There are 2 protein chains.
Amino acid sequence: MRPTVHDIAAAAGVSLATVDRVLNQRPGVRHVTREKVENAIREIGYIRDVAAANLAKGRTYPLVFILPASDNSFMHGLNNEVRAAAARSSVERTDIRTLEVPAFDPAALVKVLDELSEQRPSGIALVATDAPEVREAVDRLVKDGIPVVTLVSDLTGSQRHHYAGVDNIAAGRTAARLLGRFLGGAKGEIAVLAGSMLVRDHRERLEGFVAVTAEEFPSLSILPVIEGRDDPEMAHMLVADALSKKSGIIGVYSLGAGNRGLIRALKEKAVDRSLTVIAHELTAHTRAALLDGTIDAILNQDAGHEVRSAIRVLKAKADGLPVIAAQERIRLDIFLKDNLP
Amino acid sequence: MRPTVHDIAAAAGVSLATVDRVLNQRPGVRHVTREKVENAIREIGYIRDVAAANLAKGRTYPLVFILPASDNSFMHGLNNEVRAAAARSSVERTDIRTLEVPAFDPAALVKVLDELSEQRPSGIALVATDAPEVREAVDRLVKDGIPVVTLVSDLTGSQRHHYAGVDNIAAGRTAARLLGRFLGGAKGEIAVLAGSMLVRDHRERLEGFVAVTAEEFPSLSILPVIEGRDDPEMAHMLVADALSKKSGIIGVYSLGAGNRGLIRALKEKAVDRSLTVIAHELTAHTRAALLDGTIDAILNQDAGHEVRSAIRVLKAKADGLPVIAAQERIRLDIFLKDNLP
DNA sequence: CCAAATCTGATGTACGTAAATCAAAATTTG
DNA sequence: CAAATTTTGATTTACGTACATCAGATTTGG
């Protein structure tokens, strides 16, 4: 049988009330007594029954998700997953609130973060915009003892407790190797479509992609990055233009959102050419394009896993509990035609 | 606030005791009264607080994992993950026992399953051997109300509640497409190394592999399957032999275990040839081979996820709770050099 | 219509922890 | 050394559910 608070009291030779004071760091316990209790806890290997504790406390975990107000499939999907998690709130004792902030706007994000520090939620998950002032705001929250996890896009150098997202450098490298291998040593140009070089995840994907292409596939040359702002219309225009002008393009890497426009451009301009195309994020559009052969592979991060992982980690941190690292690692999904979910 | 049993009692105009009798399907409630209570439950949207219920019951979930006594890295890994889960037992209220049965031995498996039906554990997870008598034994357990999930290898046609493993046909198809694309239209022979055609997962992988190769890469011809019994020594011998005799081999698909032997054979016999190799299961050996270029891609199923998923599902089924389907889907990991964990 | 059988209500205890109250003991301070 | 202060103990209630007991009510069969 698992030891209880009573066992601690007996082992330490103190009363239940004192054990409670120590466990919940309430004042009114002499240093020596506190140590006696702490030793007893260690010796008998007591683990707090979180379920019982939460029941007694009537505890819920107020969590806040801060998402960018971007109008693309991926962010919609992410939003849906947060909503789905919120629907499970009563069972999971969470109370999830979503805040939308303008995309690519560090100041707005900082403002929201600072306001949250007043309300002291049990935890905060945010899609980070990579800027020094955001880093500082996050560090302030962490210093205040509020668990913070970054979602999808990390904030390197900050004190955030955890990052629930994929390794974007690895993603870019993987894309490069897939593209290189699929092209089988052919010589030609590669077009790269990104959202914006101002977001860290896109920069990292590009970095990885360029590195592996240069190292291992020297016959491929990467054209200057096309920045489509994750906007289908813009992506369509820019890609169509590039395909018209450059006849040497044999491959495309789309590392951001706005793939709807890319796919349209490919269908218009490249029916006769056999381009090899790798894109990010599995959506209805990219899925169809993968199935009809317009796209050759899709790299994906599972928004549902990211959201659930963020919640698990935030709850664990709020309770000072350990997390299962392997479980919280967000994997890069590689989809070919054959292994679509 | 979330409704409680008291709210049901008030809403239905009955006593707490009657509500309890209905909720826990105890006898002594007239049909009309039962319906009144059930309606109230539905109307106020009552959800049982599982944590409180488990606390009151002092409930633990005795779970049994039945694993084949195979001496390969994957099964060792699976075993370790079960042990790791068992170590978390006190926190998760589980009581996990592992039973080892001889591999590929339906009779032994059936015997164990039938014995378990006496002990009535909260749930059973098994690596299924594909045979009619096993199917029947599983169906008997399910009929008895014991939750059963298959692990790694499914038991199609049985009544098992869930399968915690990858889609092996999709895995085979994916391997074929990767291999075909990596080979870029070259003409030649493909060697396939399997454990045994008596296990369903291997059969399915082969089936998927053959289908896609035939459909989409007609320039590749698949040699008769080499059955290495998941044994490194045997695999080494057979593969070395094949490589010596067949100079037309340009690719290898290893769909089972025993990759240690395969890798050794490749290093001995194919240093001068540029073979494209795809293997299953990420182990220390295959990882090293991927990094040094001996293997080009690894398809993997994450044993840790499979075990944790099986536990979650078994607990949920034992409580009659729903599962998050997307969360329990075991994904096929594709590893290249660049996205290794 | 009455006894027997069946159903329902009222009540109390338990699970492991949190949190509060009040009394008693120990310690510190003047 | 007494008073003030701090520390500790004892006890109670609560969280939401499970489960048992016993008394009272209702229904059923003869």
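What you are looking at is a predicted structure, and each value in this text was computed from that prediction instead of being measured.
Of the candidate nucleotides C:dA19, D:dA18, C:dG16, C:dG16 has the atom nearest to the side chain of A:Ala52. When each of D:dC15, C:dC7, D:dA10 is scored by its nearest atom to the side-chain atoms of B:Thr33, the top-ranked nucleotide is C:dC7. Considering only side-chain atoms of A:Leu55, the nucleotide from D:dC15, C:dA18, C:dC7 that sits closest is D:dC15. Considering only side-chain atoms of B:Arg21, the nucleotide from D:dC22, C:dA19, C:dG16 that sits closest is D:dC22. With C:dA19, D:dC22, C:dT17 as the choices, the nucleotide that has an atom nearest any side-chain atom of A:Asp49 turns out to be C:dT17. Minimum atom distance to the side chain of A:Thr4 is reached by C:dG16, of the listed C:dG16, D:dT17, D:dC19.
Residue B:Gly58 is classed as having no contact, given no heavy-atom separation below 4.0 Å to the nucleic acid. Residue A:Val14 is in sugar-phosphate contact alone, with no base atom involved, counting any heavy-atom pair closer than 4.0 Å across all strands shown. Across all strands, A:Ala17 comes closer than 4.0 Å to base atoms (heavy-atom distances). Counting non-hydrogen atoms under 4.0 angstrom, B:Asn24 reaches the backbone sugars and phosphates but no base.
Between B:Lys57 and B:Thr18, it is B:Thr18 whose nearest contact on DNA chain C lies nearer the 5' terminus. Comparing A:Arg30 and B:Ile47 by the nucleotide of DNA chain D whose heavy atom lies nearest to each, the residue mapping closer to the 5' end is A:Arg30.
Here A:Ser15 does not reach the OP1 or OP2 of D:dA10: none of its side-chain N or O atoms lies under 4.0 Å away. Put simply, B:Arg48 has a side-chain N or O that comes within less than 4.0 Å of OP1 or OP2 on D:dA18.
At most 12 heavy atoms of other shown residues, nucleotides or ligands fall within 6.0 angstrom of atom NZ in B:Lys111.
For the residue pair A:Arg140/A:Ser117, the side-chain donor-acceptor check at 3.5 Å is not satisfied.
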